[in-house]
Amino acid sequence: MDGATGWKAFRHITWPNLRPVVSVVIVLGVVYTLKVVDIILGLTGGGPANSTQTLATNAYNKSFVEFNFGEGAAISNVLIVVSLAFALVYLYLSRREPSE
């Protein structure tokens, strides 16, 4: 676009070219964040008063600390469904035609 500067150049030229990469990074980041266990358990062990407890660490604690495998598996299944929902949203947004 001739004469596009600042915000218009970003909105109409830069962002449409970056959108596919940004969407992949966001989806993969969210899925990784949902499933992170090792860093949380290694650094805080769930934190003081469970302040850093996530679904993944909760499933780990239920299954392998409390030996309540059924409840841990149920929490893990919820985690899988949430990750699948993010993946489906990504697929929907990536196949959508760009609006011009």
Side-chain angles (χ1 to χ4, degrees):
M1 293 178 71
D2 289 337
T5 59
W7 174 249
K8 286 185 180 181
F10 177 78
R11 182 173 175 240
H12 295 289
I13 298 169
T14 306
W15 182 250
N17 291 322
L18 288 177
R19 188 172 52 171
V21 175
V22 170
S23 64
V24 169
V25 169
I26 288 173
V27 169
L28 291 177
V30 167
V31 169
Y32 175 74
T33 302
L34 287 173
K35 296 183 179 215
V36 67
V37 174
D38 54 348
I39 294 172
I40 294 172
L41 291 178
L43 293 176
T44 64
N50 296 327
S51 63
T52 59
Q53 192 82 283
T54 63
L55 281 176
T57 57
N58 193 10
Y60 175 83
N61 284 333
K62 294 288 183 189
S63 296
F64 302 113
V65 175
E66 299 175 14
F67 298 112
N68 190 352
F69 296 109
E71 196 170 332
I75 294 170
S76 296
N77 286 335
V78 169
L79 186 61
I80 289 170
V81 169
V82 170
S83 298
L84 180 65
F86 276 105
L88 290 175
V89 166
Y90 163 71
L91 288 174
Y92 173 74
L93 292 176
S94 67
R95 292 178 187 226
R96 193 176 67 181
E97 290 294 321
S99 60
E100 294 290 328

- Go through the structure and list residues passing side-chain contact (heavy atoms from CB on, under 4.5 Å) with I39, not counting sequence neighbours.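 For I39 the side-chain contact (heavy atoms from CB on, under 4.5 Å) partners, ignoring immediate neighbours, are Y32, V36, L43.
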Using 0.5 Å steps for rounding, measure from the [atom1] atom of [X] to the [atom2] atom of [Y].
X   : Y   : atom1 : atom2 : answer
K35 : I80 : NZ    : CD1   : 6.0 Å
N61 : I75 : CG    : CD1   : 9.0 Å
I40 : N58 : CD1   : CG    : 11.0 Å
L84 : L79 : CG    : CG    : 11.5 Å

Assigning hydrophobic clusters by single linkage (Ile, Leu, Val, Met, Phe, Trp, Tyr; side-chain heavy-atom cutoff under 4.5 Å), is [X] placed with [Y]?
X   : Y   : answer
L55 : Y60 : no
I26 : W15 : yes
V24 : V21 : no

- Query: Is the side chain of T57 donor-acceptor paired with the backbone N or O of G46 at a distance under 3.5 Å, no angle test?
  - Reply: no
- Flag, side chain of S51 to backbone of G47, donor-acceptor distance under 3.5 Å: no
Residues forming a ring pair (Phe, Tyr, Trp, His ring centres under 6.0 Å) with [X], sequence neighbours excluded:
X   : answer
F10 : W7
F86 : none
Y90 : none

- Task: Grab the two heavy atoms, one from P20 and one from S23, that are nearest each other, plus how far apart they are.
- Result: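 Minimum heavy-atom separation between P20 and S23: O-OG, 2.8 Å.
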- Query: Which heavy-atom pair separates S76 from A59 by the least distance, and what is that distance?
  - Reply: OG-CB, 3.5 Å
- Pairs meeting criterion salt bridge (charged side-chain N to carboxylate O under 4.0 Å, His left out) with involvement of residues 36-63, two or more places apart: K62-E66, K62-E71
- Query: Can you pull the salt bridge (charged side-chain N to carboxylate O under 4.0 Å, His left out) pairs that have at least one residue in residues 47-60, sequence neighbours excluded?
  - Reply: none
- Query: Would a 4.5 Å heavy-atom cut-off, applied to side chains only, mark T54 and L34 as touching?
  - Reply: no
- Message: A side-chain contact here means heavy atoms from C-beta on lying under 4.5 Å apart; do I13 and K8 qualify?
- Response: no
